[in-house]
Peer 1: 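Below is one structure. I have some questions about it.
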Amino acid sequence: MPLEEYRKKRDFTRSPEPRGGAGESTGRIFVVHEHHATRLHYDLRLEMGGVLRSWAVPKEPPVEEGIKRLAIQTEDHPVEYAGFEGTIPEGMYGAGTVKTWDKGEFILEEEADKELLFELKGKKLTGRYALIKTKFKGKDSWLFFKRK
Ligand code: MN
């Protein structure tokens, strides 16, 4: 069930976040949310297979080559989440303010179990990027960086 984990973690009677439909697609998009939760982080979301595959990036995403960022994969989010900004109430999962840090076109180039190669056409993130699985911090950790 896509989005099962996403929905299980949230109470939509109290959170302003979208519940999400069944894989409604709006095209190839990416968004990076600036999430002022317990700890500020950035949520990278790529539209793939009718959902937004998501990674929490503890530091600012790389705008140039030579910077590798840890990215922890989190639950898939509904496509509608790309348009979400708001405040998740205290006591709820992900409590804090969510703002759009960057958004634009996402073009998938290669997809494998441990590697995603893609192009981003945003305002801050623009060019060819990669997400490569690493064992650095457990099974959900990836490295996110800009390619040559
Ligand atoms: Mn987050």
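It should be emphasised that the depicted structure is a prediction, and the values quoted were computed from it without experimental measurement. When a ligand or atom number is given, it counts from 1 through the structure's own listing order.
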Peer 1: Can you name the N/O/S atom of His41 that is nearest the Mn ion (ligand 1)?
Peer 2: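 Among the N, O or S atoms of His41, the one closest to the Mn ion (ligand 1) is NE2.
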Peer 1: List, by chain and then residue number, the residues other than Ile107 in its hydrophobic cluster (Ile/Leu/Val/Met/Phe/Trp/Tyr, side-chain heavy atoms under 4.5 Å); write none if there are no others.
Peer 2: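 Cluster partners of Ile107: none, it stands alone.
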Peer 1: Any idea which N/O/S atom from Asp43 gets closest to the Mn ion (ligand 1)?
Peer 2: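 The closest N, O or S atom of Asp43 to the Mn ion (ligand 1) is OD2.
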Peer 1: Whether Lys9 and Glu75 form a salt bridge (side-chain N of Lys/Arg under 4.0 Å from carboxylate O of Asp/Glu) is what I want to check.
Peer 2: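 Yes, this pair counts.
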Peer 1: Output yes when Glu17 and Arg10 qualify as a salt bridge under the 4.0 Å nitrogen-oxygen rule, no when they do not.
Peer 2: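 A salt bridge links Glu17 with Arg10.
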Peer 1: Taking side-chain hydrogen bond (donor to acceptor under 3.5 Å, both in side chains) as the definition, give me every residue that meets it alongside Lys68, ordered by chain and number, with sequence neighbours left out.
Peer 2: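 Scan of Lys68 (side-chain hydrogen bond (donor to acceptor under 3.5 Å, both in side chains), adjacent residues dropped) gives none.
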Peer 1: Taking the Mn ion (ligand 1) as the reference point, name the nearest N/O/S atom of His35.
Peer 2: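 In His35, the heteroatom (N, O or S) nearest the Mn ion (ligand 1) is ND1.
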